[in-house]
Amino acid sequence: MGYFALDIGSSFIKYAVLDIENRQIRGKGKTAMPSPVSGRATRYEIRAEEIWNIVEMLTERILRKEKVLDGILLCTQMQGFVILDENAEAVTSYISWQDNRCLECHDGKTWLQEMEDMGCDRLMEHSGVRLRAGLGMCNLYVTLREIQGGAEGRWFCTLGSYIIRKMTGNHICHITNGAATGLADIVERQWNHPLIEKIGAGGLRFPELALEMECCGYYESEGNRIPVYPDIGDHQACVLGSMVRPEQDVNINIGTAGLLGIVTDAYRQGEGEVRPYFGNQYLNTVRGLCGGRDLKCIAGFIKDSVEAVTGQKVRPKEIWDVIGRIPEREGSDALEIEPEFYQGGRIAGITHGNFTLNSLLDAVYRQMGRQYHRALMSVLPTGNRVSRIVYSGGAATSNQGLMTRIAEETGCRWQRALMEDESLLGLYRMALLISGRCKTMEETSALAQNIEIVKEISGLT
């Protein structure tokens, strides 16, 4: 017995069985997400059926080994969507948050500029987000003008609600995923119908927004009838699994890019984004911060340099071990860095004596620390001060130098999240609520401590 958890991310689909009876997370594993469809550089699409085929295969494998499951829990990457026909067949691919089709030009302007000229932003007072590239509603605006037949009679799905529809036949998504499209009012916790009409999506059938974790329907297979629960956003699952205390801790998640979040009790639209959280709380967020993809540029340069000089291949781990050390502080002759290398960073102030690996890492981590400090100040409620950073994401938790320098710049204590793949621990806390073991989210915190990780389910390959 246990809950089957799926974390559908950008690079991998991770999974595990959450055994709350024995306080275990069993059979934790991952498989790669399907490759995107090749095409224009501005586009990032994955065939939806390929994602579903992997999810279905993993679910059936787990069922063969576990025999009985208490339920299926999902968290997924956010902001993307897929459009279905009335038979739940995909009309489009899954259009990811990494897709930038709204930046393509037509009639002398980009689609995003056209939406700005239309006044879409004036209908987004309580969306928690602003018009920008990658936002689901912006890419939907373009997509509806490209697909034959447009919106009428089609079904709009987040990635999670697409999986739920395939599993149960029902059309439901959690508010945390619905809001990430930009098309929801997160104060009223409902779809923003005037905005939906404005972008020409009024003919689409939108999923019912789940505000709690009630059962969405059942996945049936060989006599099994397994409850399926709403799809929560992967950022919210990560924060939940990082065990942060509202308005006292900040979660800094650094993977491909960096993401900062603090849980608050009231809706406050600041410089960042506001995302719905659990228990009528909100997650004040700054996204798109420097992260692993920027450090990867440095790692690639070091690797290329070492191999060119030595003629020997270097394992990536050896490079990352060096990058993760705490660099010695440089003096007044330090480099000047803009560390957004993935999109176009800058190194300046090079002299005859300061262009060393140590000075480079010192300058990068110093500037990243300042960037995260500015981000934190921009989302903190007035008069509040956090005392602790909880780090998650591999680009942070494996990099002692970076974690230390960000903490120094912010003046906070720090710790790592309790386990890798903290989103699975977030789903574990959800399972404690769903099962009735805990009545409130606060109660789940104690029972989610000291969970045993059992790596294998015998025979699952």
Side-chain angles (χ1 to χ4, degrees), residues 1-34 51-77 159-160 163 167 213 219 226-229 231-244 251 253-256 292 317 390-398 415-435 437 444-445 447-461:
M1 296 285 284
Y3 292 85
F4 182 43
L6 285 158
D7 173 10
I8 307 175
S10 300
S11 301
F12 295 99
I13 299 175
K14 300 175 182 178
Y15 56 88
V17 173
L18 312 177
D19 185 346
I20 60 174
E21 185 73 32
N22 296 302
R23 299 189 69 182
Q24 293 179 339
I25 294 180
R26 295 190 277 108
K28 190 158 72 84
K30 65 182 180 181
T31 188
M33 274 286 279
I51 302 173
W52 165 243
N53 289 341
I54 293 173
V55 168
E56 184 180 37
M57 176 268 293
L58 290 172
T59 305
E60 290 296 326
R61 283 184 178 180
I62 286 289
L63 268 174
R64 286 197 294 271
K65 301 305 171 187
E66 292 289 306
K67 307 302 182 187
V68 179
L69 290 171
D70 295 309
I72 297 172
L73 298 176
L74 304 168
C75 71
T76 71
Q77 56 175 284
L159 179 55
I163 299 300
M167 282 187 165
M213 291 300 288
Y219 177 75
I226 305 158
V228 178
Y229 295 92
D231 54 317
I232 64 175
D234 57 358
H235 184 204
Q236 286 88 339
C238 168
V239 172
L240 188 62
S242 296
M243 314 288 278
V244 297
N251 171 245
N253 180 273
I254 310 180
T256 303
K317 183 180 183 303
V390 181
Y391 288 110
S392 56
T397 57
S398 62
Q415 69 178 56
R416 293 178 177 88
L418 293 178
M419 62 173 278
E420 287 184 57
D421 303 324
E422 56 286 327
S423 293
L424 293 175
L425 187 57
L427 291 175
Y428 185 96
R429 292 182 69 181
M430 279 296 178
L432 289 170
L433 275 181
I434 290 166
S435 68
R437 290 294 182 93
T444 68
S445 180
L447 289 183
Q449 307 280 342
N450 302 316
I451 302 300
E452 182 185 6
I453 307 298
V454 181
K455 292 186 177 181
E456 301 295 335
I457 297 175
S458 177
L460 184 63
T461 57

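Heavy atoms only: backbone and side chains are in, while hydrogens, waters and symmetry mates are out.
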- side chain to side chain contact (heavy atoms under 4.5 Å, CB included) between Val55 and Thr59, intermediate numbers included: CA-CA 6 Å; Val55 168; Thr59 305; 4.1 Å; yes
- Residues Leu424 and Ala5: closest non-hydrogen pair is CD2-CB, 4.0 Å
- Any chance you could measure Gln77, atom CD, to Phe12, atom CZ, to the nearest 0.5 Å? 13.0 Å
- Separation of His235 NE2 from Thr76 OG1 (nearest 0.5 Å): 13.5 Å
- Kindly say whether Ile25 contributes a backbone atom to a donor-acceptor pair with the side chain of Asp19 at under 3.5 angstrom? no
- Candidate pair Gln24 and Val17, rule side chain to side chain contact (heavy atoms under 4.5 Å, CB included), full reasoning: CA-CA 8 Å; Gln24 293 179 339; Val17 173; over 6 Å; no
- With side chains defined as the heavy atoms from C-beta onward, is the minimum distance between Met33 and Ile8 less than 4.5 Å? yes
- Value for SG (Cys75) from NZ (Lys14), rounded to nearest 0.5 Å, stands at 9.5 Å
- Between Ser423 and Asp7, what is the shortest heavy-atom contact and its length? CB-OD2, 3.5 Å
- Do you see a donor-acceptor pair shorter than 3.5 Å between the side chains of Asn251 and Ser242? yes
- Between Arg23 and Ile451 the two heavy atoms that sit nearest each other are O-CG2, 3.6 Å
- Is there a side-chain contact between Arg61 and Met57 (heavy atoms, below 4.5 Å)? yes
- Message: Quick check: do Ile20 and Asp70 have side-chain heavy atoms less than 4.5 Å from each other?
- Response: no
- Task: Kindly write out the residues that satisfy ring-ring contact (aromatic ring centres under 6.0 Å, His included) with Tyr428, not counting sequence neighbours, or none if the list is empty.
- Result: none
- Query: Ser392 and Asn253: which non-hydrogen atoms are nearest, and at how many Å?
  - Reply: OG-ND2, 2.8 Å
- Query: side chain to side chain contact (heavy atoms under 4.5 Å, CB included) between Tyr3 and Leu427: does it pass, once the steps are laid out?
  - Reply: CA-CA 9 Å; Tyr3 292 85; Leu427 291 175; over 6 Å; no
- Message: Taking the side chain as everything from C-beta on, heavy atoms only, tell me whether Ile163 gets closer than 4.5 Å to Asp231.
- Response: no
- Item | Member of Glu452, Glu66, Glu21 meeting the salt bridge (Lys or Arg N to Asp or Glu O under 4.0 Å) criterion with Arg26 | Glu66
- Query: Okay, side chain of Arg416, backbone of Ser398: is any donor-acceptor separation there less than 3.5 Å?
  - Reply: no
- Message: If the condition is salt bridge (Lys or Arg N to Asp or Glu O under 4.0 Å), which residues does Glu56 pass it with, not counting sequence neighbours?
- Response: none
- Query: Hey, mind stepping through Leu58 and Phe4 against side chain to side chain contact (heavy atoms under 4.5 Å, CB included) and telling me if it holds?
  - Reply: CA-CA 10 Å; Leu58 290 172; Phe4 182 43; 4.2 Å; yes
- Task: Drop me the distance from Leu447's CG to Leu432's CG, to the nearest 0.5 angstrom.
- Result: 5.5 Å
- Query: Do you know which two heavy atoms are closest between Ala431 and Leu18, and how far apart they sit?
  - Reply: CB-CD1, 4.5 Å
- Task: Report the distance from atom CG of Leu73 to atom CD1 of Ile232, rounding to the nearest 0.5 Å.
- Result: 8.0 Å
- Could you tell me whether the side chain of Tyr219 reaches within less than 4.5 Å of the side chain of Leu63, counting heavy atoms only? yes
- Task: Inspect the contact between Glu422 and Arg429 and indicate whether a charged nitrogen and a carboxylate oxygen are less than 4.0 angstrom apart.
- Result: no
- Test: Lys28 and Glu420 ion pair at under 4.0 Å: no
- Item | Spacing of CG belonging to Leu433 relative to OH belonging to Tyr229, to within rounding of 0.5 Å | 11.5 Å
- Query: Taking the side chain as C-beta and beyond, is there a heavy-atom pair between Leu240 and Met430 under 4.5 Å?
  - Reply: yes
